[in-house]
Amino acid sequence: MKERILSSAIVALGIVLLGIFLKAGMDNFTEKDRKVTVKGLAEKEVKADKVTWPIITKEIGDDLPELYDRIAAKQKTIRQFLLSNGIQPGEISAGAPKVIDMNAEQYSGNDKPYRYNVTAVMTVTSTHVDHVRQIIARQGELLKQGVAVVASDYDASNCLSYQLTSFKKMKPKMMTEAIENAEQTAQQFAQNSHSKLNKIVSADQGQFSIDDRDANTPYIKRVRVVTTVTYSLKD
């Protein structure tokens, strides 16, 4: 009789424990499915800290040595203009003149009034962005000295550009801000769903982008990062 009672008690205890384990397992399974995925944004506007300014001049004619002399005289004038306005010698570089022989052009007609087209580029590369911008605004003064600065002729490498070289220093702080913003969004979602925010299940590194603020102020950069974070929820 005692053995039967003991056996029944053991069976009952086993059933109770099985029920507890099943409930815990179902709760854990349910918790695993309760997640929220949110995006966090961090955005800043900062000034560029490097400028590259190509100064392009052209000469056309039939006497190539004469054209080279005229180009050399223009580049000398440009260099003097830059140095007199505070540009350092190490910030100035000059490339070899580029010559186009119109007679050698496959699709060029024979009615050209000149044979050679010579282009020269002198480039200013500086971290003193505001100072260089002031000089760019006064480049018309070169016209008084007989030097006409021309457009880049669709060559992207010869376009005025502004860069943000300090970007790497900004990344950690901006990533932290983006994750904090994501957590605030997740907290609001958990509150609305009568839950509590649990641990992070997954997170991506975030995609950074650097763009001009607008077409009129390319020296102002907009840095942006969006990160995606998934949190688990609990009651």
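All heavy atoms count here, side chains included; hydrogens, waters and symmetry mates do not. Numbers here simply count residues along the sequence, with the first being 1.
In this structure the side chain of M170 reaches within 4.5 angstrom of the side chain of L164, judged on heavy atoms. Contact check for L197 versus V36: side-chain heavy atoms found under the 4.5 Å cut-off. Two residues are said to be in side-chain contact when any heavy atoms from C-beta on lie closer than 4.5 Å; F81 and V147 fail this criterion. Proximity of D214 to I220: side-chain heavy atoms (C-beta onward) are nowhere separated by under 4.5 Å. Two residues are said to be in side-chain contact when any heavy atoms from C-beta on lie closer than 4.5 Å; L41 and V225 fail this criterion. Within the 4.5 Å cutoff, the side chain of T57 has heavy atoms near those of the I71 side chain. In this structure the side chain of Y116 reaches within 4.5 angstrom of the side chain of D101, judged on heavy atoms. Between T127 and D49 the shortest side-chain heavy-atom distance does not fall below 4.5 Å.
Residues forming a salt bridge (Lys or Arg N to Asp or Glu O under 4.0 Å) with K47 (at least two apart in sequence, or on another chain): D130.
Hydrophobic cluster membership differs between V46 and Y219, with clusters built from Ile, Leu, Val, Met, Phe, Trp and Tyr side chains linked at under 4.5 angstrom. I136 and I55 fall within a single hydrophobic cluster, where Ile, Leu, Val, Met, Phe, Trp and Tyr side chains are chained together by heavy-atom contacts under 4.5 Å. Hydrophobic clustering (ILVMFWY, side-chain heavy atoms < 4.5 Å, transitive): Y162 and I135 are in one cluster.
There is a side-chain donor-acceptor pair under 3.5 Å between Q163 and S161. With 3.5 Å as the limit, one finds a donor-acceptor pair spanning the side chains of D204 and T227. In the model, T228 has a side-chain atom that pairs as donor or acceptor with a side-chain atom of K39 under 3.5 Å.
Looking at D212 and K221, a side-chain N of the basic residue comes within less than 4.0 Å of a carboxylate O on the acidic one, giving a salt bridge.
Here the straight-line distance linking atom NZ of K199 with atom NZ of K234 works out to 10.0 Å at 0.5 Å rounding. Annotation: the span from T77 atom OG1 to Q75 atom CD amounts to 10.0 Å, rounded to 0.5 Å. One finds the CG atom of N117 at 6.5 Å from the CE atom of M102 (value rounded to the nearest 0.5 Å). Distance CG/L67 to CZ/R115: 11.5 Å, rounded to 0.5 Å. The structure places CD1 of I60 at 11.5 Å from CD1 of I100, a figure rounded to the nearest 0.5 Å. One distance of note links CG of L142 with CG of L82; it measures 7.5 Å at 0.5 Å rounding.
Across A42 and A178, no two heavy atoms sit closer than the pair CB-N, 3.9 Å. Residue V118 comes nearest to P97 through the heavy atom pair CG1-CB, 3.9 Å, listed as atom of the first residue, atom of the second, then distance. The two residues V132 and S126 make their nearest non-hydrogen contact at CG2-CB, 3.8 Å. Residues S193 and L233 come closest through the heavy atom pair OG-CD1, 4.5 Å. Residues V121 and T123 approach most closely at CG1-OG1, 3.7 Å, considering heavy atoms. V229 and A182 get closest at one heavy-atom pair: CG2-CB, 4.1 Å.
Side chain of H128 to main chain of I87: no donor-acceptor pair is present (N/O by atom type, distance under 3.5 Å, no hydrogens or angles).
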> What do the steps show when you test K74 against E59 for side chain to side chain contact (heavy atoms under 4.5 Å, CB included), and what is the final call?
Replying inline: CA-CA 10 Å; K74 283 187 174 182; E59 286 289 345; 2.8 Å; yes
>> Working note: V51 + L160, criterion side chain to side chain contact (heavy atoms under 4.5 Å, CB included); need CA distance, chi angles, decisive distance, verdict.
In response: CA-CA 8 Å; V51 58; L160 174 66; 3.9 Å; yes
>> Does V226 form a side chain to side chain contact (heavy atoms under 4.5 Å, CB included) with Q207? I'd like the steps, not just the answer.
In response: CA-CA 6 Å; V226 178; Q207 297 294 324; 5.9 Å; no
>> One pair to check against side chain to side chain contact (heavy atoms under 4.5 Å, CB included): L83 and I92. What are the steps and the verdict?
In response: CA-CA 9 Å; L83 294 175; I92 304 171; 3.9 Å; yes
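Enclosure of atom CZ in R222 by more than 12 non-hydrogen atoms of other residues, nucleotides or ligands within 6.0 angstrom is indicated.
Pairs passing the salt bridge (Lys or Arg N to Asp or Glu O under 4.0 Å) check and including a residue from residues 166-184, sequence neighbours excluded, read K44-E177. The list of ring pair (Phe, Tyr, Trp, His ring centres under 6.0 Å) pairs with a residue in residues 165-193, not counting sequence neighbours, reads F167-F208.
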